[in-house]
**Student:** 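For reference, the structure I am asking about is given below.
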Amino acid sequence: NSEAVDANQTAVALSPQDAAAHNNLGAALKELGRLDEALASYNQAIALKPDYAEALSNLGNTLKELGRLEEALASYNQAIVLKPDFAEAHNNLGAALKEVGRLDEALASHNQAIALKPDYAEAHNNLGAALKELGRLDEAIACYNQAIALKPDFAEAHSNLGNVLKELGRLDEALTSYNQAIALKPDFAEVYINLGFAIKNVRFKSSNPKLYPALTQLLTAGNFTRPNGVAGSILSLLKHDIQIKDLLVKNNFAVSLNEATSIIESLDKLPLLHCLMRVCPIPELQFEEFFVAMRSLILKNLDKMEVSPELIHFLSTLSMHCFTNEYVYIESNEETHLIGELQAEISQSLANSQQPEALKILCLASYRSLQQYDWCRKLECLDNLEDVKRRLIEEPLLEKIIAQDISVLEEIADDVSLKVREQYEENPYPRWVKLKIELKAKSISEVFDDANLQLHSENVKKVNAPAILIAGCGTGQHSIETASRFSNSDVTAVDLSLASLAYAQRKSKELGFTNIDYLQADILNLRQMCKEFDVIESAGVLHHMDEPMAGWRVLVDLLKPGGLMRIGLYSELARHHIVRVRKEISALRVGKSEADIRNFRQSLAESHDENHQTLTTLNDFFSLSTLRDLIFHEQEHRFTLPQIKNCLNELGLKFCGFENKDVISSFRELHGSETDIYDLELWHQFEESKPQAFIGMYQFWCQKP
């Protein structure tokens, strides 16, 4: 901490020739992340005492953290020459060798450290990491277990053990390890990210309340995962909870007020459910039916409800939840009538300078967006419910102000672009609260190495400060995740919709991102920017244009030679059921008002048709903007892999690889681990055998020669 820095600076001032004082100051500065100053202190210590092995090893640690790995290796080696039995320097050298990919040498260094100091838990842990990298997973597990035996509170070793167990498919044990790591170190960001990855595709078969605190932290503590990516998994766990199990098997929820009150009190003891509802839509019809029934019961009995802290908490959560899913839940004609009366009553109260009860405001807010009412700024009854007031009133009003200041490249003229813009002005896509932000941005070279891309020219990896274009950034998840992924990046993010851009700008500012510029523009007009980019990403936009190839050509013109492009396109094979439902919507002449979308959605939820049932399993079914995007979109094109191959040839682009690691694993299972993962004809065969593989989208990288 800063007190340690002050104390060590005083020591240096009193004894400027004392090498140990400079070394200690370096350690205190490094702890605070002041790495350049730490380097200066260590160098000063070494200048005063050239054979100071400890300072050389510490200097190596700081150089390693700065990414200057070759210099770090030299520093560790020098420390070892001076002090051959220096176990810590051998261990640190091993960790740096692992980072530069010299794994056999890394093993030798860690083994040397352990030979010198058999109870050295950190060296056992690092040896495990090197063995994991070499694919020797059982040996890695033995090393991590040894590290934990020597140091039971070693959170990093528990987390690393979890990673290997996850890789071996031993998910229950992996979750136990992650849970243990979090219990030991509740602010351990990396373990939350690992936990988020691990549970994504898990469906729990039994109750495990021990996981609740860790999962609650995963959702609330930081931006470690996209909540909608883990919601299905968390709900599968909650379904086995004794408080919820009984509720969901009933066909008739909360028949009496007393029963409703008792349900609300029992749900109050489940913070995990409340946290999940507050940050994303709940992708599960059984839960939805329960929330719809509770909302209706409360509205119809508003004057009879006994106000309690539990009721206010439940309604606060429900109102934030319904705002986040954009009021996608069905409502009866009676509810619509009662809501009309309720908003008139509230409006009249405020006109008479009387504050309405919080209960009534929260009930209204679970059906309607509060920020649409002129009187929303006058509400004082929400002052004690800061989360509700901020999310439902302050943030949407702030977006309206932000929208007025967003730069516009040129008036949008294309007919299809105008219709698409109107859709996203009405329903900015998607509404989100949290997302996954990288803990540490990586160089362009590291990002592309991690993505396992087949590059046709390596020059792009030498770019130090990449200029990146996000063509179609929506509400900012894409632009923010990219800005957090690439170090020293300068991101330009464009979209048709001002409402979406305002949302993106608000979230970027809230999360402290200063390297993103937002601009309203049609992709067709982007040549007027007179700027070229090292990286261009356009996921899920080209297939909503009148002529996708016209937009794609513009993007190719903006890409520097040797630059990389990430493209997302709909799959013809994966969307057969969606195409059929789109045809039904056309034939039935279903309108596009929010009420029309809600009513049609309800008919899908109640249907026994297989296509309809498939739709209700998709996350996009559970919020209004995502459902509208899924089946009511103004314009949609779909592609096959042979068509994409032709497009790439026509545009002069080289295919570099798919993004989704799970799909790549599945491809290797079918074709064998040695198969060429860059062969689009083999991928087409794979997709024909697994038509749902690209249900999300094809997401792939390509390169301009």
Side-chain angles (χ1 to χ4, degrees), residues 30-39 61-72 95-96 98-101 129 156 159 163 187-197 221-226 229 432 434-453 455 458-471 473-493 504-505 507-518 533-539 560 562-566 656-657 659 661 699 701:
K30 180 175 178 290
E31 195 70 21
L32 282 180
R34 290 159 64 178
L35 301 181
D36 290 325
E37 294 169 79
L39 278 190
N61 292 343
T62 309
L63 288 163
K64 177 169 167 274
E65 211 160 306
L66 284 163
R68 291 158 62 178
L69 293 171
E70 292 303 329
E71 292 170 78
K98 174 183 160 280
E99 279 204 27
V100 295
E156 285 78 3
S159 175
N163 292 342
D187 60 350
F188 190 0
E190 206 170 306
V191 78
Y192 289 113
I193 286 176
N194 294 337
L195 175 64
F197 273 129
N223 285 283
F224 303 125
T225 189
R226 285 196 182 192
W432 59 278
K434 298 247 178 192
L435 80 172
K436 180 177 175 290
I437 292 177
E438 296 298 333
L439 292 180
K440 193 178 176 200
K442 293 182 174 177
S443 69
I444 195 168
S445 170
E446 290 171 303
V447 171
F448 293 147
D449 284 345
D450 286 353
N452 194 19
L453 301 183
L455 297 187
E458 297 275 326
N459 287 344
V460 68
K461 288 164 80 169
K462 295 173 189 160
V463 174
N464 180 40
I468 301 175
L469 172 67
I470 309 294
C473 65
T475 50
Q477 284 180 305
H478 187 170
S479 44
I480 292 168
E481 285 183 340
T482 296
S484 79
R485 188 179 185 186
F486 289 90
S487 57
N488 299 326
S489 57
D490 174 24
V491 177
T492 302
Q505 176 97 312
K507 291 299 284 185
S508 299
K509 193 169 180 189
E510 175 192 309
L511 294 165
F513 283 87
T514 54
N515 59 331
I516 311 174
D517 286 319
Y518 288 101
F533 298 89
D534 301 292
V535 177
I536 295 178
E537 301 191 22
S538 187
K560 291 179 185 174
L564 279 159
M565 188 180 277
R566 181 160 76 103
C656 299
E659 176 92 351
K661 288 189 163 66
Q699 295 230 31
W701 287 92

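Keep in mind that what you see is a predicted model, and the values were worked out from it rather than measured.
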**Student:** Just to verify, what does E481 make a side-chain hydrogen bond (donor to acceptor under 3.5 Å, both in side chains) with, not counting sequence neighbours?
**Tutor:**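 Residues passing side-chain hydrogen bond (donor to acceptor under 3.5 Å, both in side chains) with E481: R226.
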**Student:** Of all heavy-atom pairs between V460 and G563, which one has the smallest distance, and what is that distance?
**Tutor:**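 The answer is CG2-CA, 4.4 Å.
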**Student:** Going by the angle between their ring planes, with limits at 30° and 60°, are Y192 and F224 parallel, tilted or perpendicular?
**Tutor:**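 Correct class here is parallel.
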**Student:** Sequence neighbours excluded, which residues qualify as salt bridge (charged side-chain N to carboxylate O under 4.0 Å, His left out) partners of D450?
**Tutor:**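 D450 satisfies salt bridge (charged side-chain N to carboxylate O under 4.0 Å, His left out) with K442 only.
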**Student:** If only side-chain N and O atoms count, and only distance matters, is there a donor-acceptor pair under 3.5 Å linking Y518 with T492?
**Tutor:**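 No.
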**Student:** Could you tell me which residues satisfy side chain to side chain contact (heavy atoms under 4.5 Å, CB included) with N488, sequence neighbours excluded, listed by chain and number?
**Tutor:**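 Scan of N488 (side chain to side chain contact (heavy atoms under 4.5 Å, CB included), adjacent residues dropped) gives N464, A465.
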**Student:** Please tell me if the side chains of Q477 and K434 come closer than 4.5 Å, counting only heavy atoms from C-beta onward.
**Tutor:**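 Side chain of Q477 against side chain of K434, heavy atoms only: no contact under 4.5 Å found.
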**Student:** Look only at the side chain of S479 and the backbone of G476, and say whether a donor-acceptor pair between them is shorter than 3.5 Å.
**Tutor:**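 Pair found, side chain donor or acceptor close to backbone of G476.
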**Student:** Of D534, L455, I536, which is the lone residue that meets side chain to side chain contact (heavy atoms under 4.5 Å, CB included) with L564?
**Tutor:**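 Checked D534, L455, I536 against L564; only one passes side chain to side chain contact (heavy atoms under 4.5 Å, CB included): L455.
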**Student:** Given side chains that start at C-beta, do those of W701 and E537 come closer than 4.5 Å, heavy atoms only?
**Tutor:**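 W701 vs E537: side chains touch.
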**Student:** Taking side chain as C-beta onward, heavy atoms only, is D490 less than 4.5 Å from I468?
**Tutor:**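 They are not in side-chain contact.
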**Student:** Before accepting this row, confirm whether a basic side-chain N of the pair E438/K436 lies closer than 4.0 Å to the acidic partner's carboxylate O.
**Tutor:**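 A salt bridge is present here (some side-chain N lies under 4.0 Å from a carboxylate O).
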**Student:** With the side chain counted from C-beta on, respond yes when V491 and F513 share a heavy-atom pair under 4.5 Å apart, and no when they do not.
**Tutor:**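 A side-chain contact under 4.5 Å is absent here.
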**Student:** When you check the gap from the basic side-chain N to the acidic O, do E71 and K64 get nearer than 4.0 Å?
**Tutor:**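 Judged by the 4.0 Å cut-off on N to carboxylate O distance, E71 and K64 do not form a salt bridge.
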**Student:** Just so I know, are the side chains of S489 and T482 near enough to count as touching, which here means a heavy-atom distance under 4.5 Å?
**Tutor:**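 Result no, sub-4.5 Å side-chain heavy-atom pair not found.
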**Student:** Do L63 and L35 come close enough that some side-chain heavy atom pair is under 4.5 Å?
**Tutor:**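 A side-chain contact is absent here, since even the closest heavy-atom pair is not under 4.5 Å.
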**Student:** Return yes if a side-chain donor-acceptor contact under 3.5 Å exists between T62 and E65, otherwise no.
**Tutor:**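 E65 and T62 do not have a side-chain donor-acceptor pair below 3.5 Å.
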